[in-house]
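Since the structure comes first, as C-alpha coordinates, the remarks are kept for the end.
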Amino acid sequence: MKEEKDYIGDITAIRAMMERTSKFLSLSGWAGIMAGVYGLAGAWIAHKVFYFDPNEIVYPMGTTGAWSANLMQLIGLAVTILVLTLGTAIFLSYRKANKRKEKIWNSTSKQMLVHMAVPLVTGGLFILILIAHGLIGLVAPLTLIFYGLAMYNASKFTYAEIKVLGLMEIALGLIGSCFIGYGLLCWAIGFGALHIIIGVYLHYKYER
(Lines give C-alpha, C1' and ligand atoms only; values in the text may rest on other atoms or scores of the structure.)
Protein backbone atom coordinates (compact mmCIF):
# COMPACT_ATOMS: atom_id res chain seq x y z
CA MET A 1 0.00 0.00 0.00
CA LYS A 2 2.83 2.33 0.90
CA GLU A 3 4.65 1.52 -2.34
CA GLU A 4 1.48 2.31 -4.31
CA LYS A 5 1.25 5.74 -2.62
CA ASP A 6 4.93 6.36 -3.45
CA TYR A 7 4.28 5.51 -7.11
CA ILE A 8 1.31 7.88 -7.24
CA GLY A 9 3.39 10.62 -5.64
CA ASP A 10 6.19 10.06 -8.14
CA ILE A 11 3.78 10.16 -11.09
CA THR A 12 2.26 13.39 -9.76
CA ALA A 13 5.70 14.97 -9.38
CA ILE A 14 6.73 13.92 -12.89
CA ARG A 15 3.49 15.28 -14.34
CA ALA A 16 3.98 18.60 -12.53
CA MET A 17 7.57 18.84 -13.80
CA MET A 18 6.49 18.13 -17.39
CA GLU A 19 3.75 20.72 -17.12
CA ARG A 20 6.21 23.36 -15.91
CA THR A 21 8.49 22.73 -18.87
CA SER A 22 5.74 22.59 -21.52
CA LYS A 23 3.38 25.27 -20.18
CA PHE A 24 3.84 28.96 -19.41
CA LEU A 25 2.42 29.03 -15.88
CA SER A 26 3.79 32.42 -14.81
CA LEU A 27 0.72 34.18 -16.20
CA SER A 28 -0.72 36.19 -13.30
CA GLY A 29 -4.42 36.28 -12.50
CA TRP A 30 -3.94 39.85 -11.31
CA ALA A 31 -2.74 40.76 -14.80
CA GLY A 32 -6.14 39.69 -16.14
CA ILE A 33 -7.94 41.63 -13.44
CA MET A 34 -6.00 44.81 -14.14
CA ALA A 35 -6.48 44.38 -17.91
CA GLY A 36 -10.22 44.23 -17.25
CA VAL A 37 -10.10 47.38 -15.16
CA TYR A 38 -8.18 49.19 -17.92
CA GLY A 39 -10.66 47.93 -20.50
CA LEU A 40 -13.72 49.12 -18.58
CA ALA A 41 -12.10 52.49 -17.90
CA GLY A 42 -11.22 52.85 -21.59
CA ALA A 43 -14.76 52.01 -22.72
CA TRP A 44 -16.18 54.56 -20.26
CA ILE A 45 -13.78 57.27 -21.43
CA ALA A 46 -14.50 56.53 -25.10
CA HIS A 47 -18.25 56.79 -24.50
CA LYS A 48 -18.49 59.59 -21.97
CA VAL A 49 -15.47 61.78 -22.76
CA PHE A 50 -14.89 61.27 -26.49
CA TYR A 51 -18.57 60.55 -27.28
CA PHE A 52 -17.75 57.52 -29.39
CA ASP A 53 -20.91 56.31 -31.12
CA PRO A 54 -20.59 52.98 -32.94
CA ASN A 55 -24.11 53.16 -34.37
CA GLU A 56 -22.71 54.39 -37.67
CA ILE A 57 -20.28 52.02 -39.37
CA VAL A 58 -18.67 54.92 -41.27
CA TYR A 59 -16.98 57.49 -39.06
CA PRO A 60 -16.94 61.05 -40.47
CA MET A 61 -13.56 62.42 -41.49
CA GLY A 62 -12.43 66.02 -41.04
CA THR A 63 -13.24 68.71 -43.57
CA THR A 64 -9.90 68.15 -45.34
CA GLY A 65 -10.35 64.38 -45.49
CA ALA A 66 -7.85 63.87 -42.69
CA TRP A 67 -8.61 61.97 -39.53
CA SER A 68 -10.58 64.06 -37.06
CA ALA A 69 -9.12 65.10 -33.70
CA ASN A 70 -11.72 62.96 -31.93
CA LEU A 71 -10.64 59.88 -33.87
CA MET A 72 -6.99 60.53 -33.05
CA GLN A 73 -7.91 60.77 -29.37
CA LEU A 74 -9.66 57.40 -29.56
CA ILE A 75 -6.61 55.83 -31.20
CA GLY A 76 -4.39 57.35 -28.51
CA LEU A 77 -6.70 55.96 -25.83
CA ALA A 78 -6.53 52.48 -27.36
CA VAL A 79 -2.72 52.60 -27.52
CA THR A 80 -2.54 53.77 -23.90
CA ILE A 81 -4.73 50.87 -22.75
CA LEU A 82 -2.61 48.43 -24.75
CA VAL A 83 0.65 49.72 -23.23
CA LEU A 84 -0.78 49.63 -19.70
CA THR A 85 -2.13 46.11 -20.19
CA LEU A 86 1.10 44.73 -21.64
CA GLY A 87 3.27 46.51 -19.08
CA THR A 88 1.19 45.23 -16.18
CA ALA A 89 1.10 41.67 -17.55
CA ILE A 90 4.88 41.56 -18.05
CA PHE A 91 5.61 43.03 -14.61
CA LEU A 92 3.23 40.74 -12.69
CA SER A 93 4.24 37.64 -14.67
CA TYR A 94 7.91 38.44 -14.06
CA ARG A 95 7.28 38.80 -10.34
CA LYS A 96 5.35 35.52 -10.23
CA ALA A 97 8.10 33.73 -12.15
CA ASN A 98 10.70 34.98 -9.66
CA LYS A 99 8.65 33.64 -6.76
CA ARG A 100 8.45 30.25 -8.50
CA LYS A 101 12.18 30.48 -9.31
CA GLU A 102 11.45 30.17 -13.01
CA LYS A 103 12.51 32.11 -16.08
CA ILE A 104 9.80 34.15 -17.76
CA TRP A 105 11.65 34.10 -21.09
CA ASN A 106 12.04 30.47 -22.17
CA SER A 107 11.22 28.26 -25.15
CA THR A 108 7.58 27.87 -24.08
CA SER A 109 6.94 31.60 -23.68
CA LYS A 110 8.66 32.23 -27.04
CA GLN A 111 6.38 29.71 -28.78
CA MET A 112 3.35 31.22 -27.10
CA LEU A 113 4.26 34.73 -28.26
CA VAL A 114 4.84 33.54 -31.83
CA HIS A 115 1.44 31.84 -31.96
CA MET A 116 -0.18 34.97 -30.53
CA ALA A 117 1.67 37.33 -32.86
CA VAL A 118 0.19 36.03 -36.12
CA PRO A 119 -3.48 36.89 -35.41
CA LEU A 120 -2.57 40.01 -33.42
CA VAL A 121 -0.32 41.53 -36.09
CA THR A 122 -2.71 40.54 -38.88
CA GLY A 123 -5.65 41.98 -36.98
CA GLY A 124 -3.78 45.16 -36.12
CA LEU A 125 -2.84 45.82 -39.75
CA PHE A 126 -6.36 45.05 -40.95
CA ILE A 127 -7.86 47.39 -38.37
CA LEU A 128 -5.49 50.17 -39.47
CA ILE A 129 -6.76 49.66 -43.02
CA LEU A 130 -10.36 49.98 -41.78
CA ILE A 131 -9.50 53.15 -39.87
CA ALA A 132 -7.85 54.60 -42.98
CA HIS A 133 -11.14 54.08 -44.83
CA GLY A 134 -13.20 55.48 -41.95
CA LEU A 135 -14.89 52.16 -41.14
CA ILE A 136 -14.64 52.70 -37.39
CA GLY A 137 -17.80 50.83 -36.48
CA LEU A 138 -16.11 47.50 -37.19
CA VAL A 139 -12.96 48.20 -35.19
CA ALA A 140 -14.29 47.23 -31.74
CA PRO A 141 -15.76 43.84 -32.78
CA LEU A 142 -12.75 42.95 -34.94
CA THR A 143 -10.33 43.64 -32.09
CA LEU A 144 -12.32 41.11 -30.07
CA ILE A 145 -12.20 38.52 -32.87
CA PHE A 146 -8.47 38.75 -33.54
CA TYR A 147 -7.67 38.94 -29.83
CA GLY A 148 -9.82 35.87 -29.25
CA LEU A 149 -7.92 33.99 -31.96
CA ALA A 150 -4.64 34.98 -30.29
CA MET A 151 -5.86 33.73 -26.90
CA TYR A 152 -7.07 30.47 -28.44
CA ASN A 153 -3.61 29.90 -29.93
CA ALA A 154 -1.90 30.88 -26.65
CA SER A 155 -3.95 28.36 -24.67
CA LYS A 156 -1.80 25.55 -26.09
CA PHE A 157 1.09 26.86 -24.03
CA THR A 158 -0.58 28.08 -20.83
CA TYR A 159 -3.71 27.53 -18.73
CA ALA A 160 -6.61 25.77 -20.47
CA GLU A 161 -8.97 28.50 -19.24
CA ILE A 162 -7.39 30.88 -21.76
CA LYS A 163 -8.98 28.82 -24.56
CA VAL A 164 -12.41 29.48 -23.06
CA LEU A 165 -11.59 33.19 -22.86
CA GLY A 166 -10.56 33.17 -26.52
CA LEU A 167 -13.77 31.50 -27.67
CA MET A 168 -15.90 33.94 -25.69
CA GLU A 169 -14.00 36.91 -27.14
CA ILE A 170 -14.57 35.60 -30.67
CA ALA A 171 -18.28 35.10 -29.96
CA LEU A 172 -18.61 38.65 -28.62
CA GLY A 173 -16.78 39.99 -31.67
CA LEU A 174 -19.17 38.23 -34.02
CA ILE A 175 -22.16 39.57 -32.09
CA GLY A 176 -20.70 43.08 -32.22
CA SER A 177 -20.17 42.71 -35.97
CA CYS A 178 -23.85 41.84 -36.45
CA PHE A 179 -25.08 44.64 -34.17
CA ILE A 180 -22.73 47.56 -34.78
CA GLY A 181 -24.52 49.78 -32.26
CA TYR A 182 -23.53 47.39 -29.47
CA GLY A 183 -19.90 47.12 -30.55
CA LEU A 184 -18.54 49.22 -27.68
CA LEU A 185 -20.68 47.32 -25.17
CA CYS A 186 -19.35 44.00 -26.48
CA TRP A 187 -15.83 45.43 -26.29
CA ALA A 188 -16.37 46.46 -22.65
CA ILE A 189 -17.69 43.00 -21.79
CA GLY A 190 -14.88 41.21 -23.63
CA PHE A 191 -11.88 43.29 -22.60
CA GLY A 192 -13.34 44.40 -19.28
CA ALA A 193 -15.70 41.99 -17.54
CA LEU A 194 -14.36 38.72 -19.00
CA HIS A 195 -10.77 39.62 -18.16
CA ILE A 196 -11.74 40.35 -14.56
CA ILE A 197 -13.72 37.11 -14.25
CA ILE A 198 -10.95 34.96 -15.75
CA GLY A 199 -8.31 36.82 -13.74
CA VAL A 200 -10.12 36.20 -10.46
CA TYR A 201 -10.65 32.55 -11.37
CA LEU A 202 -6.96 32.01 -12.23
CA HIS A 203 -5.84 33.78 -9.07
CA TYR A 204 -7.97 31.69 -6.74
CA LYS A 205 -7.34 28.40 -8.57
CA TYR A 206 -3.58 28.62 -9.16
CA GLU A 207 -2.11 31.37 -6.97
CA ARG A 208 -3.63 30.87 -3.52
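Heavy-atom basis, side chains included; hydrogens, waters and symmetry copies ignored.
- Of all heavy-atom pairs between Glu169 and Gly148, the closest is CB-CA, 3.7 Å.
- Checked by atom type and distance alone, the side chain of His115 pairs as donor or acceptor with a backbone atom of Gln111 at under 3.5 Å.
- Residues Leu138 and Leu185 are members of one and the same hydrophobic cluster, defined by side-chain heavy-atom contacts under 4.5 angstrom among Ile, Leu, Val, Met, Phe, Trp and Tyr.
- The hydrophobic clustering, which links ILVMFWY residues whose side-chain heavy atoms are closer than 4.5 Å, places Ile127 and Ile180 together.
- Counting only heavy atoms from C-beta outward, the side chains of Ser177 and Ile145 approach each other to under 4.5 Å.
- Aromatic rings of His195 and Tyr147 (six-membered ring for Trp) have centroids within the 6.0 Å cut-off, being under it.
- Side-chain atoms of Asn153 never come within 3.5 Å of backbone atoms of Met116 as a donor-acceptor pair (strictly under, hydrogens ignored).
- When all heavy atoms of Thr88 and Leu84 are compared, the closest pair comes out as OG1-O, 2.7 Å.
- Val139 and Leu174 fall within the same hydrophobic cluster, where Ile, Leu, Val, Met, Phe, Trp and Tyr residues are linked whenever their side-chain heavy atoms come under 4.5 Å apart, directly or through other members.
- Sorted by first and then second residue, the salt bridge (charged side-chain N to carboxylate O under 4.0 Å, His left out) pairs involving residues 184-205 (not counting sequence neighbours) are Glu161-Lys205.
- Taking the salt bridge (charged side-chain N to carboxylate O under 4.0 Å, His left out) definition, one finds that Lys163 meets it with nothing, sequence neighbours left out.
- If you chain together hydrophobic residues whose side chains sit under 4.5 Å apart, Leu165 and Ile196 never meet in one group.
- Considering CH2 of Trp187 and CG of Leu172, their distance stands at 12.5 Å, rounded to 0.5 Å.
- Minimum heavy-atom separation, Ala188 to Leu40: O-CD2, 3.6 Å.
- Under a 3.5 Å cut-off, the side chain of His203 and the backbone N or O of Gly199 do not form any donor-acceptor pair.
- Side-chain contact check for Ile136 versus Leu130: every heavy-atom pair is 4.5 Å or farther apart.
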Residues Leu92, Lys96; criterion side chain to side chain contact (heavy atoms under 4.5 Å, CB included); working and verdict: CA-CA 6 Å; Leu92 292 177; Lys96 181 179 176 181; over 6 Å; no

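- Residues Ser93 and Ser28 come closest through the heavy atom pair OG-N, 3.8 Å.
- One distance of note links CG of Leu202 with CD1 of Ile197; it measures 12.0 Å at 0.5 Å rounding.
- In this structure, CE on Met168 lies 11.5 Å from CD1 on Ile189, to the nearest 0.5 angstrom.
- Hydrophobic clustering of Ile, Leu, Val, Met, Phe, Trp and Tyr side chains at less than 4.5 Å, counting indirect connections, keeps Ile90 apart from Ile162.
- Identified under the salt bridge (charged side-chain N to carboxylate O under 4.0 Å, His left out) test for residues 170-181, with sequence neighbours left out: none.
- Taking OG1 of Thr122 as the start and CZ of Phe146 as the end, the distance is 7.0 Å to the nearest 0.5 Å.
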Give the C-alpha distance, both sets of side-chain angles, the deciding distance and a yes or no for side chain to side chain contact (heavy atoms under 4.5 Å, CB included) between Ile175 and Tyr182. CA-CA 8 Å; Ile175 293 171; Tyr182 294 96; over 6 Å; no

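- The 12-atom threshold is not exceeded at OH of Tyr152, counting heavy atoms of other residues, nucleotides or ligands nearer than 6.0 Å.
- Here the rule is side-chain contact (heavy atoms from CB on, under 4.5 Å) with Tyr38, and of Ile81, Leu82, Ile33 only Ile81 fits it.
- The shortest heavy-atom contact between Thr85 and Ala35 is CG2-CB, 3.7 Å.
- Surrounding OH of Tyr206 are more than 12 heavy atoms belonging to other residues, nucleotides or ligands, all under 6.0 Å away.
- The two atoms that bring Leu142 and Phe126 nearest to each other are CD1-CE2, 3.6 Å, heavy atoms only.
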